[in-house]
2 protein chains.
Amino acid sequence: MTDERQISKAVIARLPRYYRYLGDLMEEGIERISSNELSARMKVTASQIRQDLNNFGGFGQQGYGYNVRYLYNEIARIIGIDRQHNIIIIGAGNLGQAIANYANFEKRGFMIKGMFDINPRLIGLVVRGVEIRGIDDLEQFIIENEVQIAALTIPKSKAPEIAERLVNAGIKAIWNFAHMDLSVPEDVVVENVHLSDSLMRLSYRVSSMMDERERKEKERLEKEV
Amino acid sequence: MTDERQISKAVIARLPRYYRYLGDLMEEGIERISSNELSARMKVTASQIRQDLNNFGGFGQQGYGYNVRYLYNEIARIIGIDRQHNIIIIGAGNLGQAIANYANFEKRGFMIKGMFDINPRLIGLVVRGVEIRGIDDLEQFIIENEVQIAALTIPKSKAPEIAERLVNAGIKAIWNFAHMDLSVPEDVVVENVHLSDSLMRLSYRVSSMMDERERKEKERLEKEV
DNA sequence: GTTTAATTGTCAATATTTTATCAAATTGTT
DNA sequence: AACAATTTGATAAAATATTGACAATTAAAC
């Protein structure tokens, strides 16, 4: 019986990074690692690593540390990438194609079953073995192919309408690249990738870094006088 | 004189979303808004909105609320998108081109000055008025064009080498789409967009949603018996 | 086989973030 | 012009997240 206390968002957000580092360790041929060593690599506290992992069970061994391969597989199971997920991409522009072309997704169980677009010039084209279809076939395709996840790489203006169609067709999750928040029923997962938000966060940090540099420079000059 | 206490990451992460909603309000022709109304739209507490904004100053007025246009401009100033940022894109594949084609970036002061790639078939092509150049010209271009930000849309394997060249050429920030963490001096900003991490977070949430659904179904059946 | 060193998982202590509360200020109404 | 309704900004309280400490356990050294 699974423990039913809610895992915090922050912990979940860190899991993929742990997974990534464990994958790297495996590639380096490292078989075991302590929270301390991993802490040094990842620049997080060892305590946090142990605390995070213990939300899901005791994967380590005292005096030994963690077995890299075992932990890697356990995290895959926790994240749910040990199962197969069927995914479609809606919007076959550059961004949609970029996602389709990222090979590793398929390695992790995300099978791209189809791509859709409204642009007639794109319909019929084949990207990485996946045909681009007209948006009319959307609902039928989702049901027939047991699609759970839809990547939404279309402009903001079309997003709400398509999101509603996806929900009605029974999609479980939307990977949303449109620059807006979607409103969906609470049993539909929306994971946002708001690139403009990301660029603004970067902008904030650059700006405050520059401000700080200026301030320090000023301080230095004042001291000289 | 600016207040020098550190603004928390969580607050900064929320600013672009406030900015987005304020933009929408302006488009709707709404001139003033209270933290309560905004709270209802954004699905965050009014208290958090007021608290967040007050990190940067008192932009509202008691009994009135916030002037939408004024707050919008103030947030733009805080984020630093009232100034011009020169940006280059390294990696002119689908992802790089998707970014180049997103028009709104330029509206917010991010001027795409150049694109770079190693693929000879791409070099010389023009995307949205920007020529794709060979990677050899990188350093000189950065200096001559006062480039502050580089978007890194290249495979993991090339990322560390290019990142180092960028740093040496004096870049201020890297918008990193490569599926790895870069190590750079602390005065260089790195904003990561790890799409695979994002998809894994989605996967976790879908999986636990499905688990929960199963659990409830089971509970229901047990009750019936 | 015993001892020492290493390391986890857990619990307690800190630190941070979020939410609630309310006096003070402002607007709009009568 | 007085009064009721709003609404902020600030402070306090509550909730959450992170870090530290250490007993229990294991591995490795001797």
Side-chain angles (χ1 to χ4, degrees), chain A residues 2-18 21-22 25 30-75 78 201 204, chain B residues 2-18 21-22 25 30-75 78 201 204-205 208:
Chain A
T2 46
D3 198 334
E4 281 313 326
R5 93 209 108 108
Q6 189 60 32
I7 308 293
S8 94
K9 250 188 182 172
V11 173
I12 295 160
R14 284 191 291 266
L15 288 179
R17 188 153 179 266
Y18 291 133
Y21 274 82
L22 288 164
L25 287 168
I30 296 172
E31 284 178 12
R32 60 184 261 194
I33 192 151
S34 69
S35 56
N36 240 311
E37 290 170 290
L38 192 55
S39 154
R41 281 185 176 242
M42 296 186 65
K43 311 281 171 61
V44 296
T45 63
S47 194
Q48 178 158 80
I49 293 171
R50 296 204 298 274
Q51 190 86 297
D52 282 352
L53 295 178
N54 271 91
N55 280 296
F56 305 98
F59 303 120
Q61 201 164 23
Q62 288 157 324
Y64 174 88
Y66 299 87
N67 178 289
V68 174
R69 182 175 301 274
Y70 174 69
L71 186 56
Y72 182 79
N73 289 331
E74 282 299 300
I75 293 179
I78 293 162
R201 284 194 289 275
Y204 175 88
Chain B
T2 47
D3 198 336
E4 281 313 325
R5 93 208 109 107
Q6 188 62 31
I7 308 293
S8 94
K9 249 188 180 171
V11 173
I12 296 160
R14 284 192 291 267
L15 288 179
R17 188 150 179 268
Y18 291 133
Y21 274 82
L22 288 164
L25 287 168
I30 296 172
E31 285 179 9
R32 58 184 261 192
I33 194 153
S34 68
S35 56
N36 239 310
E37 290 170 290
L38 193 54
S39 153
R41 281 183 176 244
M42 296 187 65
K43 312 280 171 61
V44 297
T45 62
S47 195
Q48 179 159 79
I49 293 171
R50 296 204 299 273
Q51 191 87 297
D52 282 351
L53 296 177
N54 271 91
N55 280 296
F56 304 99
F59 303 121
Q61 201 163 22
Q62 287 155 324
Y64 174 89
Y66 299 87
N67 179 287
V68 173
R69 182 175 301 274
Y70 173 69
L71 187 55
Y72 181 80
N73 290 331
E74 282 299 299
I75 293 179
I78 293 162
R201 283 194 290 274
Y204 175 89
R205 291 168 61 201
S208 57

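Chain letters run A, B, ... following the sequence lines, proteins first and then strands; every chain starts at 1.
B/I30 contributes atom CD1, which lies 12.5 Å from atom CG of B/N67 (distance to the nearest 0.5 angstrom). To the nearest 0.5 Å, atom CG of residue B/N55 and atom CZ of residue B/R14 are 9.0 Å apart. Atoms CD1 and CG, on A/I75 and A/L71 in that order, are 4.0 Å from each other to the nearest 0.5 Å.
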Report task. Let me see the working for B/Y66 and B/L22 under side-chain contact (heavy atoms from CB on, under 4.5 Å), right down to the final yes or no. Result -> CA-CA 10 Å; B/Y66 299 87; B/L22 288 164; over 6 Å; no

Query raised in the report: Taking it one step at a time, do B/L15 and B/F56 satisfy side-chain contact (heavy atoms from CB on, under 4.5 Å)?
Result: CA-CA 11 Å; B/L15 288 179; B/F56 304 99; 3.8 Å; yes

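The distance from atom CG of A/N67 to atom P of D/dA27 is 12 Å, rounded to the nearest whole Å. For the pair B/F56 CZ and D/dG9 P, the computed distance is 14 Å after rounding to whole Å. Protein atom CG of A/L53 is 12 Å distant from nucleotide atom P of C/dT10, rounded to whole Å. Look at CD on B/E74: it is 16 Å from C1' on D/dG9, rounded to the nearest Å. Rounded to whole Å, atom C1' of C/dT17 lies 14 Å from atom CD1 of B/I12. Whole-Å rounding puts the B/Q6 CD to C/dT17 P distance at 10 Å. Across the protein-nucleic acid pair, B/E37 atom CD and D/dT7 atom P stand 6 Å apart, rounded to whole Å. When rounded to the nearest whole Å, the span between CG of B/N55 and C1' of D/dT8 equals 15 Å.
Closest heavy-atom contact between A/I49 and A/Y18: CA-OH, 3.6 Å. Scanning both residues, A/A46 and A/S35, for their nearest heavy atoms gives CB-O, 3.7 Å.
Between A/N36 and C/dA6 there is no side-chain N or O to OP1 or OP2 distance below 4.0 Å. Close to C/dT8, at under 4.0 Å from its OP1 or OP2, lies no side-chain N or O of A/N54. Proximity of A/R14 to the phosphate of D/dA17: no side-chain N or O atom is located under 4.0 Å from OP1 or OP2. Using a 4.0 Å cut-off, some side-chain N or O of A/Y66 falls inside it from OP1 or OP2 of C/dG9.
Residues meeting the ring-ring contact (aromatic ring centres under 6.0 Å, His included) test with A/Y21, sequence neighbours left out: none.
Nearest nucleotide to the side chain of B/T45, out of D/dT19, C/dG9, C/dT19: C/dT19.
There is a side-chain donor-acceptor pair under 3.5 Å between B/E37 and B/S34.
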Requested in this report: Summarise protein proximity over nucleotides 21-30 of chain C in one line of letters, 5' to 3': B for base, S for sugar-phosphate only, - for none, counting protein heavy atoms closer than 4.0 Å.
Outcome: B--BBBSS--

What does the list of N/O pairs under 3.5 Å between the protein and nucleotides 12-16 of chain C look like, with a distance for each?
none

